[in-house]
Amino acid sequence: MKDFPYTESKDTRSGFGAGLHELGKTNPNVVALCADLTGSLKMDAFKKDFPERFFQVGIAEANMMGLAAGMTIGGKIPFTGTFANFSTGRVYDQIRQSIAYSGKNVKICASHAGVTLGEDGATHQILEDVGMMKMLPHMTVINPCDFNQTKAATIAIADYEGPVYLRFGRPVVPNFTPADQTFEIGKAVMLNEGTDVSIFATGHLVWKAILAGKLLEAKGINAEIINIHTIKPLDAEAILASARKTGCVVTAEEHQMNGGLGDAVAQLLARHEPLPLEMVAIDDSFGESGTPDQLMEKYGLTEHDVVKAVEAVIKRRK
Amino acid sequence: MHHFSQPVEAKAAPQVESVDELKQIASQVRRDIVRMVHAVNSGHPGGSLGCTDLLVALYFKVMKHTPAPFDMNGTGQDLFFLSNGHISPVFYSVLARSGYFPVSELSTFRKLNSRLQGHPATHEYLPGVRIASGSLGQGLSVAAGAAQAKKLNGDDRTVFVLMGDGELEEGQVWEAALYAAHHKIDNLIAFVDRNGQQIDGSTDEIGGLGDLRAKFEAFGWKVLEADGNQFETLLPALEEAQSLTGQGKPVMVLMDTQMGYGVDFMMGSHKWHGVAPNDEQLEKALQQLEVKENSDY
């Protein structure tokens, strides 16, 4: 098992803020809109240095999505910022009609996704956003795993023409991916080559998968760990190649089992390579108040849950 | 997908000055509307007929625009957004007749593989359409965003947007109304098609819209009122609306219209919101919609 050294833990939302600020310097067409959560989304630096390209929309997310769609007409590249809950469910029809169906170049940037939002509870902990967004035709869905990758993803999506949903979170997590990485939309990242099981993880669960890999190593299981930062378009080639090699699959994500990464991988396997699959995800439940760590434990999203899923899936392998 | 050859040469916007000529065009557009909805036995003739005069005035006289080649960004052009997308028949007819695409393509309205979807779509790349609409309440936000992009680009042209009055029951409209005034989006002229009708009855019964002038003024807009079916009053109102741009406030024109205007048995009734005429009714309608030189597609 490879080592993944890191010197600091940081929140992925700060990676978004850093990437957006960088874009402010390099791409004059980038504009940012925020629905009264500038600090939470780490958009302050962009706001301070590029005030003419920052639009405070207030608590009016539906309007924000329409404004962003309109600004693309004129060549702007709008980045909208609010919590994942208010970036998706609250404004689904606005995104569907004015952005996705209209083919507008809007980047929907969503923080505080999942149960790691913590104490605010289930009203704010969206666990269905990836499903909603990936169902929309031509929507790209990205869920990076740490600060560096979120920053790189933020910069990369400005150069991609089309609607993107970029999902990130609130808590600090180990910042272990390279600062100088090139982010390729739709390209899975091999973290650890293995032979016994394929673990496909996204977002905060990538680090949990790495921790699980070490625990599995101690048990004599050699896990292949792949970071699926782009859930749509899915890197089918990489996923099928790994699954064929190991013969069994575990997916891991901070999202409902319905509609998430596991769902997408299950479809792919069922159609091309039916192999045993276990999913580490929320099982048809809302979240609740608690600390992020408590919630990850209660809802079965720790490295130990990944280990259990691996052990179960290996037993099912023919 | 049908393949209609695009005009190769650049096409300038028509510049019609005389009211008589505008009336002729409006009558031809109304013929298109009733024929389009009749042909597929579906669509929304009522609101389309009511808003014909506004769209003809905008596209044939008021707006500075370039029908071909179509530029999605509309740089240096006035832009029009249709928020109440169900009145697509009038939008399509006016776009075709002002040069955005061949008039013959109107015959494909609502048919399989057409660029003229039931509600306007950019997905089919129909020149002249810059945003999909149909699900109500979204156009004012889009127009406000496009207007702000124009300001960022140093483009001094104006953005126009039309909404239905029933559509004002959507909350997003008021989010956008608040925003546009707060952000001093003064290169934006919005119209409300105040025909007083919606599917389940009158807007007074259903939504209680009340005093729209007072409401928009309270939101910080400049508000005008005009008869939307008489060029003699509509044109001066449009001129006044344009003169009010650039003064720190968005401009609202509350436009009184009659649903079904121009066809006596359709006028003033919500019954013709989304119902197509039968053969006999079509003949009767066309007899009332006279033109000097018929150019039916």
Side-chain angles (χ1 to χ4, degrees), chain A residues 24 27-36 50-80 82 86 90-108 136-139 161-163, chain B residues 70-77 79-81 83 85 117 119-126 129-155 157 159 161 163 170-183 185 187-188:
Chain A
N27 191 332
N29 283 324
V30 167
V31 297
L33 299 87
C34 187
D36 197 30
F50 312 102
E52 75 289 350
R53 286 192 273 149
F54 177 81
F55 298 90
Q56 174 59 265
V57 179
I59 312 165
E61 296 83 5
N63 185 41
M64 179 165 72
M65 293 304 163
L67 290 168
M71 286 180 191
T72 67
I73 300 163
K76 299 301 154 201
I77 307 172
F79 282 63
T80 66
T82 182
F86 314 131
R90 188 174 182 92
V91 290
Y92 198 59
D93 188 47
Q94 284 76 18
I95 294 175
R96 181 176 181 273
Q97 175 172 288
S98 293
I99 296 175
Y101 185 46
S102 293
K104 296 305 181 201
N105 193 22
V106 175
K107 316 304 172 187
I108 302 160
L136 290 172
H138 313 305
M139 179 67 75
E161 172 83 27
Chain B
F70 176 60
D71 170 19
M72 175 57 86
N73 285 343
T75 306
Q77 300 184 46
L79 304 182
F80 173 80
F81 292 99
S83 189
Q117 291 291 296
H119 293 80
T122 59
H123 195 257
E124 317 301 330
Y125 304 104
L126 184 69
V129 181
R130 292 191 166 87
I131 196 81
S133 59
S135 177
L136 294 171
Q138 302 185 28
L140 187 58
S141 301
V142 173
Q148 286 194 300
K150 280 205 180 294
K151 282 180 179 276
L152 283 174
N153 290 338
D155 180 341
R157 303 311 305 181
V159 176
V161 57
M163 296 174 280
E170 292 282 5
Q172 186 182 348
V173 172
W174 300 98
E175 292 184 7
L178 195 64
Y179 179 92
H182 181 57
H183 287 260
I185 305 179
N187 55 343
L188 175 67

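This structure is a prediction, so every number in the text was calculated from the model and none was measured. Labels below follow one simple rule: chain letters A, B, ... track the order of the sequence lines, proteins then strands, and each chain is numbered from 1.
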* Asked: When you look at CZ of B:Arg157, are more than 12 heavy atoms from neighbouring residues, nucleotides or ligands closer to it than 6.0 Å?
  -> yes
* Asked: Just wondering, more than 12 heavy atoms not from A:Arg53 lying within 6.0 Å of its CZ?
  -> yes
* Atom group of B:His183 that falls short of 4.5 Å from chain A, counting heavy atoms -> side chain
* For side chain to side chain contact (heavy atoms under 4.5 Å, CB included), just list the numbers for A:Thr72 and B:Met72, CA-CA rounded to whole Å, side-chain angles, deciding distance to a tenth of an Å, and then say yes or no. => CA-CA 9 Å; A:Thr72 67; B:Met72 175 57 86; over 6 Å; no
* **Proximal component of B:Ala144, with respect to chain A [non-hydrogen, under 4.5 Å]** => both
* Max heavy-atom pair count under 4.5 Å with chain B, selected residue of A:Gly75, A:Gly74, A:Ala68 -> A:Gly74
* **From CE (A:Met64) to CD (B:Glu175), nearest 0.5 Å** => 10.0 Å
* Rounded distance (nearest 0.5 Å) linking atom CD of B:Gln138 with atom CG of A:Leu67 -> 11.5 Å
* Would a distance-only check, ignoring hydrogens and angles, find a side-chain to backbone donor-acceptor pair under 3.5 Å from A:Ser102 to B:Ile131? -> no
* Asked: chain A heavy atoms under 4.5 Å from B:Leu178: which part of the residue, side chain, backbone, both or neither?
  -> neither
* Does a side-chain heavy-atom distance below 4.5 Å link B:His123 with A:His138? -> yes
* Asked: Given that the side chain runs from C-beta out, which part of B:Ser135 has a heavy atom under 4.5 Å from chain A: side chain, backbone, both or neither?
  -> both
* What is the minimum heavy-atom distance between A:Gln97 and B:Ser133, and which atoms define it? -> NE2-CA, 3.4 Å
* Asked: What part of A:Val57 gets closer than 4.5 Å to chain B, counting heavy atoms only: side chain, backbone, both or neither?
  -> both
* To do: Please report the closest heavy-atom contact between B:Arg130 and A:Ile73, naming both atoms and the distance.
  => O-CD1, 3.5 Å
* Who among A:Pro28, A:Gly103, A:Ser98, A:Ala69 has the most heavy-atom pairs with chain B under 4.5 Å? -> A:Ser98
